[in-house]
J.: 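Could you have a look at this structure, given as structure tokens, before my questions?
These numbers come from the heavy atoms of this one structure, side chains and all, not from hydrogens, waters or symmetry mates.
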Amino acid sequence: MNRNLAAGLSGLVFGIGLTVSQMVNPAKVLAFLDILGDWDPSLLFVMGGALLVTAGGYRLAWMRPAPLYAERFQVPTDTSIDRKLALGAVMFGAGWGLVGLCPGPVIAALTLGGPKIWVFLLAMLAGMVIHLKTPVGKWVEA
Amino acid sequence: MEHFTPWSALAGGELIGLATVLLMFANGRIAGISGILGGLLSRPDGDSAWRLWFIGGMLVAPLLVTLVSGSAPDFVMQADWWAVILGGLLVGVGTRLGSGCTSGHGVCGLSRLSLRSLAAVGIFMTTGMVTVTVLRLALGG
């Protein structure tokens, strides 16, 4: 139960951060990506603020032998920079640029938008299922 | 809408960082939203509950902000329907193929000084910027 409450609190604070920083607004995100237009660098400050806190906070957390409510820290160990990573990032970036939504804001903004954001969520989940159920990852490697 | 908002951006970013640290400190997990969502689809075992709680917290957040501040956050989504569907599919496949998004690679990965994440962030930010620029030029904006 503690695990779930901690996750719920983390999601709540994460969502408040996305809301306060206006990253739940696709127009705001597109204004950051529109680097040759009327550029709005706000997203860099969101990243900067998040990185400052996380870089220090992660190190503090890892000074403990284990998390509070789990047996071990689960940190990615994959360091490969391969075709899957590159093609995945290209696809994600293209989708992000088309609409101005990435996975966090999609969830946080579900109650703010109309039918379009729900359709985006369904398409995104469909994309995740396509990756899960088809050998698309293997095709990229081949 | 105010255009450049450095202070609220910084404050919101720090909250995102706080939430990210909390999830590591309490549960030892990376706060990558595409990973949290993807795990719901791929692992319907005992590892789903905390993911649902996290998503529930995120859903409540803007409602709470609206309640406290007295006004709903701005939300402008101008993409055409074809772009909404294509964009959603690309974000879904791409974040799983590339193992992360703005939170997992951007916040968690970069703060661990992961070169893999740095490469991903560089690629998706560049592609996003190119996409927006091409789209604007094509639509004559």
J.: Check F75(B) against G113(A) and note the closest heavy-atom contact, atom names and distance.
T.: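 Looks like CE2-CA, 3.4 Å.
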J.: Let's test your reading of the structure: which of T111(A), L12(A), V75(A), I16(A) forms the most heavy-atom pairs below 4.5 Å with chain B?
T.: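 The answer is L12(A).
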J.: Is the count of non-hydrogen atoms from other residues, nucleotides or ligands lying under 6.0 Å from Q74(A) atom CD greater than 12?
T.: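 Yes.
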J.: Can you tell which of L15(B), L113(B), T133(B), L18(B) has the highest number of heavy-atom pairs within less than 4.5 Å of chain A?
T.: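 Ranked by contacts with chain A, first place is L15(B).
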J.: Is the number of heavy atoms from other residues, nucleotides or ligands within 6.0 Å of CH2 (W39(A)) greater than 12?
T.: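 Correct, the count exceeds 12.
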J.: Atom OG in S42(A), atom CG in L10(B): separation rounded to 0.5 Å?
T.: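 One finds 10.5 Å between OG of S42(A) and CG of L10(B).
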J.: If you compare all heavy atoms of F14(A) against all heavy atoms of A19(B), which two are closest, and at what distance to 0.1 Å?
T.: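 Shortest heavy-atom contact: N-CB, 3.4 Å.
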J.: Less than 4.5 Å apart, side chain to side chain, heavy atoms only: is that true for H105(B) and L85(A)?
T.: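 Contact flag for H105(B)/L85(A) side chains = yes.
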J.: Between D82(A) and R116(B), what is the shortest heavy-atom contact and its length?
T.: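 Looks like OD1-NH1, 4.1 Å.
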J.: I need the minimum non-hydrogen distance between S10(A) and F54(B), along with the two atoms involved.
T.: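 In this case the closest contact between S10(A) and F54(B) is OG-CE1, 3.2 Å.
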J.: When heavy-atom pairs shorter than 4.5 Å are enumerated against chain A, which of V130(B), L90(B), L97(B) gives the highest number?
T.: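 Heavy-atom pairs under 4.5 Å are most numerous for L97(B).
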J.: Could you grab the distance from atom CE of M47(A) to atom CD1 of I16(B), nearest 0.5 Å is fine?
T.: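 If I round to the nearest 0.5 Å, the distance is 9.0 Å.
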J.: Would L98(A) and L86(B) count as a side chain to side chain contact (heavy atoms under 4.5 Å, CB included) if you check the C-alpha gap in whole Å, the side-chain angles of each, and the deciding distance to 0.1 Å?
T.: CA-CA 8 Å; L98(A) 275 177; L86(B) 179 62; 3.9 Å; yes
J.: Residue by residue, which of residues 64-73 of chain B have a heavy atom closer than 4.5 Å to a heavy atom belonging to chain A?
T.: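 The stretch touches chain A at L64(B), V65(B), P73(B).
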J.: Using a 4.5 Å cut-off on heavy atoms from C-beta on, say whether the side chain of I117(A) contacts that of V84(B).
T.: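 V84(B) vs I117(A): side chains apart.
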J.: Heavy atoms, side chains only, cut-off 4.5 Å: are F45(A) and W7(B) in contact?
T.: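 No, side chains not in contact.
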J.: Quick one: OG1 on T95(B) to CE on M128(A), what's the gap to the nearest 0.5 Å?
T.: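 With rounding to 0.5 Å, OG1 (T95(B)) is 4.0 Å from CE (M128(A)).
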J.: Against chain B, label L44(A) side chain, backbone, both or neither, depending on which of its atoms sit under 4.5 Å from a heavy atom there.
T.: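 For L44(A), there is no contact with chain B at all, as no heavy atom is under 4.5 Å.
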J.: Using distance only, find each side-chain donor-acceptor pair of residues 21-34 of chain B under 3.5 Å and give its atom names and separation, not counting sequence neighbours.
T.:
residue, atom, partner, partner atom, Å
N27(B), ND2, R3(A), O, 3.1

J.: Mind checking the CG-OG spacing from N4(A) to S48(B)? Nearest 0.5 Å is all I need.
T.: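 Rounded to the nearest 0.5 Å, the CG-OG separation comes out at 10.5 Å.
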J.: Does the side chain of L36(A) come within less than 4.5 Å of M129(B)'s, by heavy atoms?
T.: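 Of all side-chain heavy-atom pairs linking L36(A) with M129(B), none is under 4.5 Å.
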J.: Can you confirm whether M77(B) sits close enough to N25(A) that some side-chain heavy atom of one is under 4.5 Å from a side-chain heavy atom of the other?
T.: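 No, too far: nothing below the 4.5 Å cut-off.
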J.: What part of D38(A) gets closer than 4.5 Å to chain B, counting heavy atoms only: side chain, backbone, both or neither?
T.: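 The answer is both parts of D38(A).
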J.: Among S111(B), G104(B), G35(B), which residue forms the greatest number of heavy-atom pairs with chain A at distances under 4.5 Å?
T.: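 Ranked by contacts with chain A, first place is S111(B).
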J.: With rounding to the nearest 0.5 angstrom, report the CG to CH2 distance, N2(A) to W50(B).
T.: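 CH2 of W50(B) is found 15.5 Å from CG of N2(A).
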J.: So which part of I107(A) gets closer than 4.5 Å to some heavy atom of chain B, the side chain, the backbone, both or neither?
T.: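 Its backbone and side chain both get close to chain B.
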J.: Given the options R64(A), K133(A), K116(A), which has more heavy-atom pairs under 4.5 Å with chain B than any of the others?
T.: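 Sorted descending by pairs with chain B, the first entry is K116(A).
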J.: Please state whether the side chain, the backbone, both or neither of L121(A) comes within less than 4.5 Å of a heavy atom of chain B.
T.: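 Looking at L121(A), nothing touches chain B.
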J.: Quick one: closest heavy-atom pair of G87(B) and F120(A), and the distance?
T.: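 Minimum heavy-atom separation between G87(B) and F120(A): C-CE1, 3.6 Å.
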J.: In the single-linkage hydrophobic clustering (I, L, V, M, F, W, Y; side-chain heavy atoms under 4.5 Å), do L89(B) and W96(A) co-cluster?
T.: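 Linked within one cluster.
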J.: May I ask you to name which of V29(A), L33(A), V53(A) has the most heavy-atom pairs under 4.5 Å with chain B?
T.: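 Maximum pair count with chain B is reached by L33(A).
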J.: Taking every heavy-atom pair that is under 4.5 Å apart, which of G8(A), A70(A), A126(A) has the most such pairs with chain B?
T.: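 The option with the most such pairs is G8(A).
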J.: Quick one: of A94(A), G15(A), A61(A), who has the most non-hydrogen atom pairs under 4.5 Å with chain B?
T.: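 Going by pairs under 4.5 Å, I would pick A94(A).
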J.: Kindly say whether H131(A) contributes a backbone atom to a donor-acceptor pair with the side chain of R96(B) at under 3.5 angstrom?
T.: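 Not confirmed, R96(B) side chain does not pair with H131(A) backbone.
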J.: Begin with the C-alpha distance, continue with both residues' side-chain angles, and end with the deciding distance and a verdict on salt bridge (charged side-chain N to carboxylate O under 4.0 Å, His left out) for K28(A) and D74(B).
T.: CA-CA 9 Å; K28(A) 183 83 176 168; D74(B) 286 331; over 6 Å; no
J.: Could you look at L60(A) and say if it's the side chain, the backbone, both or neither that has a heavy atom under 4.5 Å from chain B?
T.: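 Looking at L60(A), nothing touches chain B.
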J.: Which pair of non-hydrogen atoms, one from I81(A) and one from L115(B), has the smallest distance, and what is that distance?
T.: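 Scanning both residues completely, I find the closest heavy atoms to be CD1-O, 3.8 Å.
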J.: If you count heavy-atom pairs under 4.5 Å between each of G12(B), G88(B), G94(B) and chain A, which one has the most?
T.: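 Greatest number of close heavy-atom pairs with chain A: G88(B).
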J.: For the candidates G106(B), G100(B), G92(B), A83(B), which exhibits the highest count of non-hydrogen atom pairs separated by less than 4.5 Å from chain A?
T.: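 Result: the option with the highest number of such pairs is G92(B).
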J.: Name the region of L112(A), side chain, backbone, both or neither, that has any atom closer than 4.5 Å to a heavy atom of chain B.
T.: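 Both backbone and side chain.
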J.: Between R136(B) and D34(A), is there a salt bridge with N-O shorter than 4.0 Å?
T.: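 R136(B) and D34(A): salt-bridged.
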J.: Please rank G48(A), G104(A), P105(A), A109(A) by heavy-atom pairs under 4.5 Å with chain B and give me the top one.
T.: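 Highest number of heavy-atom pairs under 4.5 Å: G104(A).
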J.: Quick check against the 3.5 Å criterion: does T54(A) have a side-chain atom that pairs as donor or acceptor with the backbone of V107(B)?
T.: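 Such a contact is absent between T54(A) side chain and V107(B) backbone.
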J.: Please round to the nearest 0.5 Å and tell me the distance separating atom CE of M125(B) and atom CZ of F92(A).
T.: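 Interatomic distance, M125(B) CE to F92(A) CZ, rounded to 0.5 Å: 8.5 Å.
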J.: Is it the side chain or the backbone of T102(B) that comes within 4.5 Å of chain A heavy atoms, both, or neither?
T.: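 Backbone plus side chain of T102(B), per the 4.5 Å heavy-atom cut-off to chain A.
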J.: Contact between T20(B) and Y58(A) at the side-chain level, heavy atoms closer than 4.5 Å - yes or no?
T.: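 Yes, at least one pair of side-chain atoms sits under 4.5 Å.
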J.: With only heavy atoms counted, which part of R112(B) is less than 4.5 Å from chain A, the side chain, the backbone, both or neither?
T.: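 Backbone plus side chain of R112(B), per the 4.5 Å heavy-atom cut-off to chain A.
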J.: Determine whether the side chains of S99(B) and K84(A) contain a donor N or O and an acceptor N or O closer than 3.5 Å.
T.: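 Distance-only check fails for S99(B) and K84(A).
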J.: Quick one: does Q22(A)'s side chain get under 4.5 Å of T5(B)'s, heavy atoms only?
T.: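 Touching, per the 4.5 Å side-chain cut-off.
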